[in-house]
2 protein chains.
Amino acid sequence: MTETPPPIQPPERKRRNASVTVNDVALLAGISAMTVSRAINTPDRLPPATLAKVQAAIAATGYVPNLLAGGLRSNKSRLVAALIPTLVSPVFNETVQALTSALRGYGYQLMLGQSGYAEPLEDELLGAIIGRRPDGIVLTGVVHSAEARRRLLASGIPVVETWDLSPEPIDMLVGFSHSAVAEAVCRHLHAHGRRRLAVIGGDDERAQRRSQAFVATALSLGLAEPWVQEVPAPTTLGSGRSALRDLRAQSTDFDAVFCSSDMLALGVLTEAQVLGIAVPTELAVMGFGDLAFARDLHPALTTVRIDGMQIGIEAARCIVDRVEGRAVPQRTIDIGFTIIERASV
Amino acid sequence: MTETPPPIQPPERKRRNASVTVNDVALLAGISAMTVSRAINTPDRLPPATLAKVQAAIAATGYVPNLLAGGLRSNKSRLVAALIPTLVSPVFNETVQALTSALRGYGYQLMLGQSGYAEPLEDELLGAIIGRRPDGIVLTGVVHSAEARRRLLASGIPVVETWDLSPEPIDMLVGFSHSAVAEAVCRHLHAHGRRRLAVIGGDDERAQRRSQAFVATALSLGLAEPWVQEVPAPTTLGSGRSALRDLRAQSTDFDAVFCSSDMLALGVLTEAQVLGIAVPTELAVMGFGDLAFARDLHPALTTVRIDGMQIGIEAARCIVDRVEGRAVPQRTIDIGFTIIERASV
DNA sequence: CTGAAAGCGCTAACAG
DNA sequence: CTGTTAGCGCTTTCAG
């Protein structure tokens, strides 16, 4: 196909109102607007001849259906909103990536919002989201604010909370237990002969929960109370390095450290190398997240794998199932976690 | 405020049609729908008394304006679409983050699409985007497909291409020159006494352009032709490690390597450490992107800083300016780049 | 299988 | 300052 681009008119002048509609297509194809609509939405139910006419007209006019209008009338926006704390930390990248792809497979689009780590889900953001009448809302973490829960519930929009567990999900939930993770990590370290533990954790709610459960497990195992170093979220390589220094300023009496993210763990690994601390012999290091780089570090990082992609896929499925009227088998899906044993312990 | 949550009704039953509208609010406030609309969109232009009545009614009914309907009528969706190759590589995170925040500041929302690195911007995705009638479209990279350019242009939607330069932008552009980056890096290495160069680059178009310009500059500087190792995009720590091994399988005759991403550079640093190659004495390493971790690596990574946040902010401003009818001063903004000298060279 | 009528919820445009 | 009317572009609904 030889393509001669048409003379390019400057896009300064908006011609939004001149946009072609179903009626233009219908006119050209010599049929009704309704049939054009059907040709687009349920092509199987039209005789091939009609379909062909419509498609020719669509091609000729360059018609692009206005999804706002369709959504208004049919009450289906084919839009799903996702709220994540931040894109700065790569923890949720996989989930967002999987969500985007999975939803697109179903014919839906993703709208992204950033909620921040600390705030209790501001009212304004919620209004902006609900106002778009998305067919579903995916939340990172569980919602604690009673006000936000009420608004979400009142909106009637399917909601999936993720990356956590809750005894009372707003609607659906795809996550895992942070305290179970921390307990498993602590037991893992203990089983590998580590007795004097430390934890470096972000100051966001879920990381704090992990730190607490880690401490509690250590105590129940009869170990000394672990040292706890808190760093601001989102966690970085730099904060991992300084956290290890800070920890050692307090005491050098620990032989294992659990980091609340792989980035933090990479920082600890880096600082250990600089300080000449042998990993894992002198110090065992564990991360959280199993980011892509964890396996390729030196030493390879023992960490907790959370299948972020799976979370995204399941969340998409939950919402689409609900929207299409299918029964959602279970309201809560615990996708669990896996401790990936590598060289750093 | 003591909050007694109302009895929670199960969200299974969708009550989307029961949603409250301007008319409900108007009725309750004893005024017209139009005034409710004005109370929401131009509150300053209403007498405080009226405004108060409306706000009371809104609070009482829990009204959330339907932005689909408003957008349909006013031809302003307050939605901006962004297309990025992938979320897997963290390179664009800052840009997306900044876009989201900046747009929200203007009262706009971001819709996210993933275009993949290779494909020439599929038709279907483009339709899904344009069909939503966003007020703007932000693209990562410049569009080469004539068909895509035409559709974008025909849509009349403001477009910002980013992360690259083009002699013929579709509309607006916020980026920098990849060949200028590579040339500067090569000269930098040369100025630091490196004579036998290598480059490890992703197989995406922009990375390839950097590799080529790097080679060309080396030749023009009278150096031997640099070794080139290509790795699949998105680039990872792991691919950086194996690339260095592969490079050394060919030859050990190089004293500097330019990596097309910081992740790749981290991989090279890691592998160098494992192989006992001293950085920077034996091997100088440069990255690209200046991700958050680059400064905290050991040795700290010399790299090219691209202000991804700035790109996001400028792109948002371009679109909002255009939508609100303000003149956009320049169609092309070259945000440039900076070589950040640290310890790895 | 196809079409006509009606209206989703909102706001532009124009009165008053 | 406020209200009325109309209609954005599509699809639901019902009737051929």
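First the proteins, then the strands, lettered A, B, ... as listed; each starts at 1.
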Check your understanding: Could you write nucleotides 11-16 of chain C as a row of B, S and -, 5' to 3', where a protein heavy atom under 4.0 Å of any base atom gives B, of only sugar-phosphate atoms gives S, and otherwise -?
Key -> BBB---
Exercise for review: Would you check if the side chain of A/T42 reaches a backbone N or O of A/R45 as a donor-acceptor pair within less than 3.5 Å?
Suggested key: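 No.
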Practice item. Could you list the residues that satisfy side chain to side chain contact (heavy atoms under 4.5 Å, CB included) with B/T140, not counting sequence neighbours? Key: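 Expected list: B/I84, B/P85, B/F92, B/T162, B/W163, B/R206.
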**Study point:** Between C1' of C/dC8 and CG of B/N66, the distance in whole Å
**Key:**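 Result: 8 Å.
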Review point. Residues in salt bridge (charged side-chain N to carboxylate O under 4.0 Å, His left out) with A/E161, at least two apart?
Key: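 Here no residue qualifies.
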Could you list the donor-acceptor pairs under 3.5 angstrom formed between side-chain atoms of residues 52-65 of chain B and any protein atom two or more places apart in sequence or on another chain?
residue, atom, partner, partner atom, Å
B/T61, OG1, B/A57, O, 2.8
B/T61, OG1, B/I58, O, 3.2
B/T61, OG1, B/Y63, N, 3.4

Check your understanding: Taking only N and O in the side chain of A/T35, is any of them less than 4.0 Å away from OP1 or OP2 of C/dG3?
Key ->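 Yes, such a contact exists.
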Check your understanding: Applying side-chain hydrogen bond (donor to acceptor under 3.5 Å, both in side chains), which residue pairs with at least one partner in residues 308-317 of chain A are found, sequence neighbours left out?
Key ->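 Passing the test, one end in residues 308-317 of chain A: A/Q310-A/E314, A/E314-A/R317, A/R317-A/D321.
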Check your understanding: Across the strands shown, which category fits A/I31 at heavy-atom distances under 4.0 angstrom: base, sugar-phosphate, nothing?
Key ->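 Counting heavy atoms under 4.0 Å across all strands, the contact made by A/I31 is with sugar-phosphate only.
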Practice item. Would you indicate what B/L46 reaches in the nucleic acid, counting non-hydrogen atoms under 4.0 angstrom: base, sugar-phosphate, or nothing? Key: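 Sugar-phosphate, no base atom in range.
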Check your understanding: Quantified as the angle between the terminal helix axes (five pairs each), what is the overall bend of the helix from C/dC1-D/dG16 to C/dG16-D/dC1 to 10 degrees?
Key ->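 Overall, the helix from C/dC1-D/dG16 to C/dG16-D/dC1 bends by 30° from one end axis to the other.
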Point to revise | Residues forming a side chain to side chain contact (heavy atoms under 4.5 Å, CB included) with B/T332, sequence neighbours excluded | key: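 With sequence neighbours excluded, B/T332 shows a side chain to side chain contact (heavy atoms under 4.5 Å, CB included) to B/P169, B/L173, given in chain and number order.
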**Study point:** Residues which pass side-chain hydrogen bond (donor to acceptor under 3.5 Å, both in side chains) with B/N66, listed by chain and number, not counting sequence neighbours
**Key:**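 Once residues adjacent in sequence are excluded, B/N66 has no partner under the side-chain hydrogen bond (donor to acceptor under 3.5 Å, both in side chains) criterion.
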Practice item. Assign A/L67 to base, sugar-phosphate, or nothing according to its heavy-atom contacts below 4.0 angstrom with the strands shown. Key: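 If one applies the 4.0 Å heavy-atom cut-off, A/L67 turns out to touch nothing in the nucleic acid.
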Check your understanding: Is the shortest side-chain N/O distance from A/T21 to OP1 or OP2 of D/dG9 below 4.0 Å?
Key ->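 No, A/T21 has no side-chain N/O under 4.0 Å of OP1/OP2 on D/dG9.
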Review point. In chain order, what residues pass the salt bridge (charged side-chain N to carboxylate O under 4.0 Å, His left out) check against A/R151, with sequence neighbours excluded?
Key: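 In terms of salt bridge (charged side-chain N to carboxylate O under 4.0 Å, His left out), with neighbours along the sequence ignored, A/R151 is linked to A/D123.
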**Study point:** Sequence neighbours excluded, every pair satisfying side-chain hydrogen bond (donor to acceptor under 3.5 Å, both in side chains) that has a member inside residues 26-38 of chain B
**Key:**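 Found B/S32-B/T35, B/S37-B/N41.
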**Study point:** Stretch residues 47-62 of chain B: residues that reach within less than 4.0 Å of DNA chain D through a heavy atom
**Key:**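 Correct list: B/P47, B/T50.
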Practice item. Let me know the distance between CZ of A/R78 and C1' of D/dC10, rounded to the nearest Å. Key: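 After rounding, the reported distance stands at 15 Å.
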Residues 101-108 of chain B side chain polar contacts: donor-acceptor under 3.5 Å, at least two apart:
residue, atom, partner, partner atom, Å
B/S101, OG, B/Q97, O, 3.0
B/R104, NH2, A/E122, OE1, 3.3

